[in-house]
Structure formats: structure tokens, C-alpha cells
Number of protein chains: 4
Amino acid sequence: MPRTEEANQHIREVRREQLLQAAAQVFARKGLADATVAEIAAAAGVSHGLLYRHFASKEEVFAAVVEQSLEQAGQLARAALAQPGTAWDRLRWITERIFPGQALGNRPQFFMVVLYALTNEGVSEHVHNMAVQQGKIIRDVVQQFVVEGQQSGHVRLGDPQQLTRLFLASIQGLVLSETFRQSNGADLPTLDMVLQILRA
Amino acid sequence: MPRTEEANQHIREVRREQLLQAAAQVFARKGLADATVAEIAAAAGVSHGLLYRHFASKEEVFAAVVEQSLEQAGQLARAALAQPGTAWDRLRWITERIFPGQALGNRPQFFMVVLYALTNEGVSEHVHNMAVQQGKIIRDVVQQFVVEGQQSGHVRLGDPQQLTRLFLASIQGLVLSETFRQSNGADLPTLDMVLQILRA
Amino acid sequence: MPRTEEANQHIREVRREQLLQAAAQVFARKGLADATVAEIAAAAGVSHGLLYRHFASKEEVFAAVVEQSLEQAGQLARAALAQPGTAWDRLRWITERIFPGQALGNRPQFFMVVLYALTNEGVSEHVHNMAVQQGKIIRDVVQQFVVEGQQSGHVRLGDPQQLTRLFLASIQGLVLSETFRQSNGADLPTLDMVLQILRA
Amino acid sequence: MPRTEEANQHIREVRREQLLQAAAQVFARKGLADATVAEIAAAAGVSHGLLYRHFASKEEVFAAVVEQSLEQAGQLARAALAQPGTAWDRLRWITERIFPGQALGNRPQFFMVVLYALTNEGVSEHVHNMAVQQGKIIRDVVQQFVVEGQQSGHVRLGDPQQLTRLFLASIQGLVLSETFRQSNGADLPTLDMVLQILRA
DNA sequence: GATGAATGAGGATTCATTCAT
DNA sequence: GATGAATGAATCCTCATTCAT
């Protein structure tokens, strides 16, 4: 007799998650154009044919990875806003979670995939927009904290947009440099050094 | 009939430079895997067949772009070291030349190509190493200025490696964000805001 | 627990017939190469896996459809021969049953499938031969009626083979044109107009 | 030095024609779905890669074949209308050119390809419409001759649409049967037997 | 030097078929 | 009996590279 409905549903979810994990890894290392479907499927431990029972195309797998990243950014933003304490406390809280070396799950993979989606012309408008949106979500939250921090005297004065952008750019620059460094993070600046950029 | 020798030589150089310019543009927008030889040749205004008279393969074109970037980094580093003034003056001098929005020639293209060479697994070891080398050249010069600046009291105290890395990471993060921003640089932080990271 | 044997047997037959019906529809619309097993199974309301419990391969399903058509042709031929009346009466009787618009069950589907089997190189020798045989069965009966009709003065004179072939070709051409006509048969020639071809 | 512009143009035209010829053959024998691009290219004596320098896809090759058939039908129709003589003369003239066994060029291939385009659901709307149009062009001309022939007393009385349809259906049925007959046309009805259908 | 026709290896995608449940 | 997850062979299509002119 056939598998139960739930059993199949479960298998599908597990497979999809495996594929997304594998795809994030591969896309992060090779980008969309260079990654092959066979490689992603192999990394997920399934045949390439099965991938197409879960995603319509390589492009859609890529889109799903970016979408997942977008969702995680949304969750992070909401969690940050729900955090107790001063604006500075919340700024530190969210910074801890986007700072390199914190290795929260597959953050680095996501970062590279989103970066690819932002910079590469071969990416569809839709996916590009999701990537843009993802960046904006984090930026908006941080900027809000910067403004509040300036009011409470924790954050140095200056254009909040510029300050936010500089702050996030430095973190992104560090994430990036961590990515292609054989490095164990030995001489990575500390979280506090980076926060210093905003410190009043 | 005479002169043909020199004329040909000249044409060759011009063509090669055209191709490299075009290649930098295309590789910056699409990366190595997604860029096509036909597209590069078209951007250079020549047939794709001709490209193979100047480069043995697409990979070699890419390598030549990275190499050119490496050479420019070397020139920039030597020029910075030859600059008069205090360590801080020289730090500012070189910063002005790597800061986004300064639009020094094709810097942004080079940046993206080198970034691709650093992060993408599909790039050959040799080319990857050139890209790593390029980063190191700039980093070493800046770090030297940081050390000197700390001694002369212009640069804040702290681990020079970490400070240098944070400083360069923020610039790279800004260059990157400029790349995928429709942005006219409106809310780009100022050079002085960035230098503040190092300011004593 | 008892009865299961019979019940199962019954289910098998019903399923097989469902599948053949569905297959005839789909093969008629798409041909052998373009039709998918999944589509046939879906049209029959079962899973594609089940199809393989009844047929060894897609090709065999196709073969079974052609075979069914062959059997029906045989039945039709025998019935025509058993028909009372003059040669002309029997000619008219069988013509009524192969004439388009009479919508005798799934005749049009069968027609298209047999046509595909006759004309497409991708069809196996065996299946092709069944299709040829099917045509011959009808042709032979009609030709016999033509010969008899000539003797009795109902059918015009001339080479019986040629007359038969012309007569059947016109019917087949009409069936075909009905197939791809949004047509409700409005301007379809009448049965008598077609019989006129043979009328003395 | 490069080939002259005309030389290239010439090569392209020759190749395109080769490919269309080959495609008509292969599509006629296998249909759209079953024919492979490799097979078509091989039949044309070129690599499959080259086919894509002339056509964007297999579907477009198919479309081009149907279009060519459409154009030939248009030419035939115009020529028939320009023909001197009575309606009956012109009817006979065009019939001679669509009657099987006349082997005017690649008529049989075209016939099968158009038939496929008419009956197979896998064919795009656009291509299907061209095929419909092709049939209509011939039908309209013949019907005009039928009407004129009735007025001049050459053609039997009756609904011109029905008569035309019956007449063309019989020719099409004969073309079809010639296609899958190993036959040399031995017992093919004569042209006059077919014209008898319309004869007053 | 320059062009673009030609080739074929590589990779995305489909789908017949198998098989565990 | 019935299902649908899983596989991989087959085929379309792209594009780096070669080469005749």
C-alpha cells in the first residue's frame, strides 16, 4: 500500500531542505552560472532528476535560497525590535548576529548568495529585488537604532543614513574578507572595535 | 610596405587594451562563468575570433584583467610610499584613491573582478593568488601607515592589523554597496567619516 | 477474504480499460512520442506507477490501443459480411459506421492513433503491422462489396481496387478534416454524396 | 582576410536551405516530438550546433518548414488563378499539382508536416494557424473553381462547400495512403477518377 | 590582421521506468 | 492493488574554441 500522505509530505520537506542547504553551499562557492544542478543534487545526496520534483529550474532553486535569506532577515529584524533594553543594547544585539565568525547557521553562505544576487546581471529582476529588500530590512532596523541612540546620547552625532551605511559596510566588508581568508579569524577586529564606529 | 611592422605592433596593443577594457566591464557585470567571449568581443567592437589572437582562452582574458589590477595596485602602493608628508597625510592620500565615488578610471570594474577572483571556486589557483596578492599589497601599505601613525600620535591605538582590516573592510563594503546601488552616492559617508575609524 | 480473487480480477479489467480509454485520447491528441505516461495515468485517474502493473511500457500501451482498434475492425468486417441485403445495402451499412460524425464511441481517437502508427517511423514494426492489417481488413471487405456491386449493377464499372481506394481515401480524408476542424460538421458532405463515388 | 559579405550571405542561405530540406524529411517521418535536432543536422550534413545559428530552436525549424509550405501554397493558388482556360481547365491544372505521385519537389514531406501541425496538440498556436491557413488557401481556390464550374455546367450541382471538401478530402486521403504504402502507386486511382467526383 | 562559419563538449531539463512502502 | 519518490538516459541548447578565407 502507498505511503501515508503525511509520510510523503515529510519526505518532501526534508528533501527540499536538504536541497536548499546544498544549494546555498554550492551557490556561495560558485555563483549561479558556475554551479551545476548535478553538483547541488550530489551535495544534497540525491539525483539531479529529483531536484526538479522540488524546483522548476536552477534559477528557482537560487531564488528559493535568496527567499530563505530574506525571511531570516525579516525574523532577525523583528526579533531585534522586540529586544528589551536601550537602543544601544539592541544595536549590539543585532550586530552580534550579523558579525562574522558568529557562524549562526549558514549565514556566510547566505551572504555570498545574496551578494551574487545583488551584483550579477544574470540574476532575474525578481530575485534581485528580494536581495535588495533583504538588505533594506536590516538597514532600516539599524538606522532606527542609530537615530534612537543619538537621541539617548549613546550614538555619535551625524547623518544617520551615512553612519548606518558606514557601519554596515564595515561589517559586510569583514564578512567578505572572512569568506576568502583561509583565516580562522585570528586578526578579525572585535565587535567592540566595530561598534566604536557608532559610539558617541 | 615598410612601417607595417610597427603599425601592426601598434594595432595589436590597441586591440589588446580595447579587449581588456571590455572584458573588465563584462566580467564585472557577469563574472567569469556567465560572461561570454562573444559579448566581450562585441563590447570591444571586434569579432570573437580576433580575441583568440590576443588571448589563448577566456580564462586568460580574465587573468589579464586581474593582472592589470594587480599592477595598478603595485603602482598605487609605490606612489603612496613615495608621497611626502606625515603618515596621516599619506594615509589620506591613498584612501582618496581607493574610496568609492572617486571614479578613478575603471576601479569599480576591477574591484568586482578581483572580488570574483577571490570568492569564486571556479577561478584558477594562479588567478586567485594574484587577487590575494593585490589585496595584500594595499593592506601592507596601509598597515605601515597605521603603525607610523600610531607612533606619531595621529592614529588611535590598538592592534594595527585589526585596525587596518576594519578600515579597509569598511571601504570595500562601501565600494560594494555603491556597485549595486542605483545610487549617485547621495548618502555615501564622507571620506572623513571613514578616516575617523583610524583617527586618534 | 474470499471473493478477493474475483474482485481483484474485476478491478484489473476495469483499470485496464480505463487506461486504454485514456491512452487512446492522449495518443490521439499528442502521438506516441509527445504523450507522457503521467498524462495518460492522470487522464485515467490513477497514478503513473499503476500503469506499469497493467502494461510493461508506454510502447505496449500504444500497442494495446492499436490492437483494440484492430479487433474492432475485425468485428466490424465480420458484422458487415453477416449483414443481409444486396452488396449495395451492405456497402451502405459499413460506410455508415466508418463515416465521420457518426461518433461511434471512440472511433476518431482510434483513427488518429492508427494513422500515427502507420506514418511514424518511431513506431515498432509489430505495431505498424497491426495498423496496416487493420486498414487491410476494412479495405478487403469494401472491395468485395464493390466487386459484387459491379456484378449486380449497383456500383459503377472500373478497377475495383482503384475504386475502393478512392472511396476509402475520401472517407479517411473527411475523418481527418473533422479532427482538426473546430467544426460541428456543418458543411460535411453527406453520406450519399460520398456513396455517389461508387454509384453506378 | 575575412570572407566577403556576399560569400557569407551565400553560405548562410545554402545552409538554411539544406537544413530546411533535411528538417522537412525528418519531421515528415517522425513528427516534431520524435525528431531530434541531431538527426536533422546530420541529415543536412552539419553539426547540431550550427543549426542554432540559423534557428532559435527545434520548434522554430518546424515553424519554418510549415511557413515554407504556406508560401508554396500561396504561389500555387496564385498561379492557378492566373491560369487560362475554363474553370474546369483550371481545376484540372491545380489538381494535377496536388495529386499524389506527381512528386513535385518535396510535396509529400510538406503534406505530412502540415498534417502534424494540424493534428498535434504539442504544436504552438502560431504554427497551427499557419497550417490551417495553408489548407484554407487551397480550399478557397478550388471552391471558386467549383462555383464557376457549376455556372458553366462543367461541375455537378450541389453545395459547393461540401463538394469541395469531399474532393479535397479524397485527394488528401490518397496522398496519405501513398505515404505509408511501400507502394509505387500501382493501384492509385487516376486523376480522372478523382475529377469524376466533381464532373457534371 | 580580421571575420564568422563550424564543431562538439558540457550542462539544464524531461520523462520512462523502478521500487519502497 | 496503489502511490509517488527516486533514478538516469536522452535530448535540447549554449558557447568556448578552431579554422578557412
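Chain naming here is simple, since letters A, B, ... match the order of the sequence lines and numbering starts at 1 in each.
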N/O donor to acceptor pairs below 3.5 angstrom from side-chain atoms of residues 59-66 of chain D, sequence neighbours left out:
from	atom 1	to	atom 2	distance (Å)
D/Glu59	OE2	D/Ser124	OG	3.2

N/O donor to acceptor pairs below 3.5 angstrom from side-chain atoms of residues 39-55 of chain D, sequence neighbours left out:
from	atom 1	to	atom 2	distance (Å)
D/Glu39	OE2	D/Lys30	NZ	3.3
D/Ser47	OG	D/Leu50	N	3.4

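Taking the side chain as every heavy atom from C-beta outward, A/Glu71 and A/Glu67 approach each other to under 4.5 Å. Looking at D/Glu17 and D/Leu20, their side chains come closer than 4.5 Å, going by heavy atoms from C-beta outward. A heavy-atom distance below 4.5 Å is not found between the side chains of B/Arg12 and B/Arg16.
Contact annotation: D/Arg15 side-chain N/O to E/dA6 OP1/OP2 distance is under 4.0 Å. For the pair A/Tyr52 and E/dT14, the criterion of a side-chain N or O lying under 4.0 Å from OP1 or OP2 is not met. At least one side-chain nitrogen or oxygen of D/Asn8 sits closer than 4.0 Å to the OP1 or OP2 atom of E/dA5.
Atom NZ in D/Lys30 sits about 11 Å away from atom P in F/dC12, given to the nearest Å. In this structure, C/His54 places its NE2 atom 13 Å from C1' of F/dT3, rounding to the nearest Å. Atoms CD (A/Glu6) and P (F/dG4) sit 13 Å apart, rounded to a whole Å. Protein atom CD1 of D/Ile11 is 9 Å distant from nucleotide atom C1' of F/dT21, rounded to whole Å. We find that CD of B/Glu60 is positioned 10 Å from P of F/dT17, with the value rounded to whole Å. Here F/dA2 presents its C1' atom at 18 Å from CZ of C/Arg16, a figure rounded to the nearest Å. What separates CD of A/Glu39 from P of E/dA12 is a distance of 9 Å, to the nearest Å. For the pair D/Phe62 CZ and F/dC13 P, the interatomic distance rounds to 14 Å; values are reported in whole Å.
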Taking N or O atoms only and anything under 3.5 Å, show me the protein contacts with nucleotides 7-11 of chain E, one pair per line.
from	atom 1	to	atom 2	distance (Å)
E/dT7	OP2	D/Ser47	N	2.8
E/dT7	OP2	D/Ser47	OG	3.1
E/dA9	N6	D/His48	NE2	2.9

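If you check the side chains of B/Arg15 and B/Gln18, you find a donor sitting under 3.5 Å from an acceptor.
Of the two residues contacting DNA chain E, namely A/Ala38 and C/Ala38, the nearest-nucleotide position lying further toward the 5' end is that of A/Ala38. Heavy-atom nearest nucleotides on DNA chain F were determined for B/Asp34 and for C/Arg12, and the one closer to the 5' end corresponds to C/Arg12. Mapping D/Leu32 and B/Ser57 onto DNA chain F via the closest heavy atom, the residue that lands nearer the 5' end is D/Leu32.
The side-chain hydrogen bond (donor to acceptor under 3.5 Å, both in side chains) pairs that include a residue from residues 110-122 of chain B are A/Arg29-B/Glu121, B/Tyr116-B/Asn120, where partners are two or more places apart or lie in different chains.
Between the side chain of B/Lys58 and the main chain of B/Leu32, a donor-acceptor pair closer than 3.5 Å is present.
The side chain to side chain contact (heavy atoms under 4.5 Å, CB included) test applied to A/Val132 returns A/Leu118, A/His128, not counting sequence neighbours.
For DNA chain E, if you chain together Watson-Crick or G-U pairs that step i with j, i+1 with j-1 and so on, the runs of at least three with distances under 3.5 Å are E:2-21 with F:2-21.
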